[in-house]
Every structure is written in C-alpha cells, then in structure tokens.
Amino acid sequence: MNKPWQDKLRQIDPYVPGEQSKDPDIIKLNANENPYAPSPRVQEVLRTFSAEGLRKYPDANASHLKQVLATHYGLAPDQVFLGNGSDDVLALCFQAFFCSDKPIFFPDLTYSFYPVWCSLFRTPYQTIPLDDQYRIRPADYAPQNGGVILPNPNAPTGIGEGLAFIEQLLTVNPDSIVIIDEAYIDFGGQSAVPLLKKYENLVVVQTMSKSRSLAGLRVGFALANPALIATLEAVKNSYNSYTMDSVTLEAAAASVEDDAYFRDTCAQVMRTRERASAELQALGFSVLPSLTNFLLATHPQKSAREIFEALKARKIFVRYFNLPRVDNHLRITIGTDAEMDALMQALREILAA
Ligand code: PMP
C-alpha cells in the first residue's frame with residue numbers, strides 16, 4: 001500500500017556508471033580507467049600521511065593544491081576551483097552558471113550525465129545532433145541559449161577538435177557561459193586553457209581520474225576567470241564547504257608535481273591506442289579516430305551486443321550503450337599492451353565462431 005509520504009519523494013533516473021567487479025581475473029576496459037598506477041610520489045604521500053592530522057578539518061580553500069595547479073597551467077590560484085571528481089565540479093557548474101530560463105545546449109551524443117543534472121536541477125536543455133561523421137558543428141550552437149557544455153574530446157566518440165573549433169564556439173556565444181569538459185584532453189588533445197586569457201565566459205573542466213590514474217581519489221577542477229571561480233566557490237560553500245579531504249589534497253598535489261611520470265604514462269596509453277586501433281581495423285572493425293583513452297568501434301558482421309556478451313563471458317568488460325546511433329558500437333578503454341593482446345585474441349575467436 002502507498003505510504004502518504006511517498007508522493008513527496010524525488011523521482012529521478014540516475015546516471016549509470018560502468019560496471020565494477022571485484023574479480024581480479026577480469027580485464028576491465030569499461031570505465032576509461034588508466035591501466036597504470038598513479039605517480040610513485042602519490043604512494044609516498046599515502047605511506048607517510050599522519051592520521052593525527054585528520055583531527056582537523058581540511059583547508060576549505062585548498063590553497064596549496066590550487067597553487068600547484070595554477071603554476072602547472074600558468075594561471076593565478078583564484079582561477080582554479082576544486083571538487084570531488086569532475087562530476088562534482090560539473091554539477092556545481094550547472095548550479096552556478098545555468099540559471100536562466102533558456103535551454104542549455106549540448107550534443108545529442110555525449111556524456112550521459114548532462115541530461116541527468118538537467119533533470120536534477122530542473123535546467124531546460126536542448127540536444128544538438130552531431131553530423132553524420134559524429135562531429136560537433138560549432139555554428140549549430142549559435143541560437144540563443146542558457147549556456148553550452150560539451151566534452152572535448154567528445155565521449156563516447158573520442159573525437160577531439162582543435163582550438164579554432166573552440167574559438168568558433170565562443171565567438172557565436174558571447175552572451176553565454178561555455179563549459180569545455182576536458183576529461184580526456186591529456187591523451188593528445190588541444191586544451192582550451194590558453195583561451196582563458198581572451199574569453200571571460202569560458203570554463204575549462206578537467207579531472208585527475210583518467211590521465212593521472214586517480215579515479216579512486218576523486219579530484220576534478222575548473223579553470224576560469226576569477227569572477228566565475230568566485231561564483232563556483234559561493235555555490236560550493238552554500239552546499240558543502242569541505243568537498244576535498246586532507247589526504248586527497250596532498251596526494252593530488254604530489255601527482256601534479258611529477259610531470260615526467262604523467263607524460264610517460266599518457267604517451268604509453270596513446271601508443272597502445274594507436275596499435276589497438278590498427279589491430280581492430282585489421283579484424284574488420286570501423287574505429288572512430290580517438291584523442292582519448294578509449295576507442296569507439298563497430299563491426300559490420302557481428303552485433304555489438306553479441307560481441308559485448310561474448311567478451312563478458314571471457315571476463316573482458318567493455319562498455320555497450322543502448323542509445324540511438326551507438327547501439328551497434330563498443331566503447332573500449334585502452335588497457336596495458338598485454339590486456340589489449342588478450343582482447344584481440346578473444347575478438348579473433350568471437351568473430352571466427
Ligand atoms: N566528463 C566526462 C566526459 C567523463 O567521461 C567523465 C567520466 N565518467 C567525467 C566527466 C567524470 O569523471 P570524474 O568524476 O571521475 O572526474
């Protein structure tokens with residue numbers, strides 16, 4: 001029987017992340033995690049961190065990590081905002097910047113969390129179709145809107161665009177906040193950070209989950225002009241002042257300070273990506289050009305769902321989206337070379353069956 005309070009509960013369809021598993025034999029290529037360990041300097045912070053310090057609240061302004069990131073990107077600390085993963089930062093951006101009655105714009109095929117936040121925050125939105133090459137056309141974003149958000153490179157396509165594209169998007173949107181979600185930018189993409197000098201309505205959001213192998217630590221950040229960062233801080237401080245814990249603040253700074261390790265591991269992921277893309281094509285797959293740590297692939301003979309299930313039976317997890325335009329594609333995260341070899345072997349068997 002219905003309880004009288006039930007009609008007061010929030011009804012919402014949440015975002016569904018890639019499946020997790022505790023089985024150590026699983027080859028996990030479904031959540032765009034990095035196959036390499038974080039910088040050894042992160043390990044050192046965790047080894048030497050004193051539990052005594054946890055008595056105190058963390059620095060709510062995260063001054064040290066902001067300074068380290070500002071130095072890394074050639075910005076001022078008041079141009080940096082931090083959050084508990086970029087999902088937290090993006091959710092706060094929606095609340096801080098998308099407050100008009102006009103619909104915000106984002107691509108029809110993109111990060112599937114955007115419509116969920118729209119529903120949570122009751123933000124009107126309009127999706128803009130990608131072209132038939134799965135690319136975003138900046139001119140489509142010119143009509144009046146309440147703001148623009150898109151990932152560059154886009155997900156799940158993996159396609160990345162250059163700075164001329166971002167400038168075009170900003171040029172047609174002088175009156176809106178434009179958020180570029182750069183979750184995958186470090187795998188060969190061109191970051192919009194240099195454009196922050198020129199465009200006061202630009203917000204760049206990045207994460208340490210992918211290129212810095214810190215998905216479990218939860219660190220994301222936004223880079224923008226000080227007035228926009230101050231707005232984000234005000235929204236965060238109206239909700240939860242302590243989104244970043246003391247251990248995370250130190251470990252994340254150690255990661256940013258180890259640039260050589262970061263560059264090496266990103267380069268290795270990119271090398272493996274190019275090899276994996278060529279091998280998939282040799283097996284008959286069509287593969288979109290990717291500037292990320294994943295590939296979107298489709299096979300003309302076998303359905304994506306069938307391949308997905310057959311891989312899963314062999315303990316290899318990839319991502320399948322039951323969504324228009326990509327429901328015959330697989331999104332495959334780049335693992336180690338050995339993991340990709342195991343994937344190719346499994347695919348050879350599945351396609352021969
Ligand atoms: N943006 C995009 C495009 C993503 O794919 C993801 C990962 N699911 C995120 C943001 C969020 O990543 P995180 O919260 O781990 O920083």
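Note that the structure is predicted; figures quoted are calculated from it, not measured. When a ligand or atom number is given, it counts from 1 through the structure's own listing order.
- Each of Lys28, Arg212, Lys210 was compared with Glu33 under the salt bridge (charged side-chain N to carboxylate O under 4.0 Å, His left out) criterion, and only Lys28 meets it.
- Taking every heavy atom of Gly85 and a limit of under 4.0 angstrom, the matching atoms of ligand 1 come to 14 (O), 16 (O).
- At least one heavy atom of Tyr184 sits less than 4.0 Å from an atom of ligand 1.
- For the pair Glu274 and Arg271, the salt-bridge criterion is not met [side-chain N within less than 4.0 Å of a carboxylate O].
- Here the protein heavy atom with the shortest distance to atom 15 (O) of ligand 1 is Ser209 OG, 2.6 Å.
- Counting the atoms of ligand 1 from 1 in the order shown, those under 4.0 Å from a heavy atom of Arg218 are 13 (P), 14 (O), 15 (O).
- Nearest to atom 12 (O) of ligand 1 among the protein's heavy atoms is Ser86 OG, 3.3 Å.
- Looking at heavy atoms from C-beta onward, Ile136 lies in side-chain contact with Tyr141 at the 4.5 angstrom threshold.
- The shortest contact between atom 1 (N) of ligand 1 and any protein heavy atom is with Asp181 OD2, 2.7 Å.
- At the shortest separation from atom 11 (C) of ligand 1 among protein heavy atoms lies Asp87 OD1, 3.1 Å.
- Looking only at protein heavy atoms, the nearest one to atom 8 (N) of ligand 1 is Tyr111 OH, 3.2 Å.
- Between the CG atom in Leu311 and the CD atom in Glu306 there is a gap of 11.5 Å [rounded to 0.5 Å].
- Taking 4.0 Å as the cut-off, Lys210 counts as a neighbour of ligand 1 on heavy-atom distance.
- A salt bridge between Asp258 and Arg263 is absent, with no side-chain N of the basic residue lying under 4.0 Å from a carboxylate O of the acidic one.
- Note on Tyr320 and Leu109: separate hydrophobic clusters, where clusters join Ile, Leu, Val, Met, Phe, Trp and Tyr whose side-chain heavy atoms are under 4.5 Å apart, directly or indirectly.
- A cation-pi arrangement is not found for Arg331 relative to Phe321, the charged atom failing to lie both closer than 6.0 Å to the ring centre and inside a 45° cone about the ring normal.
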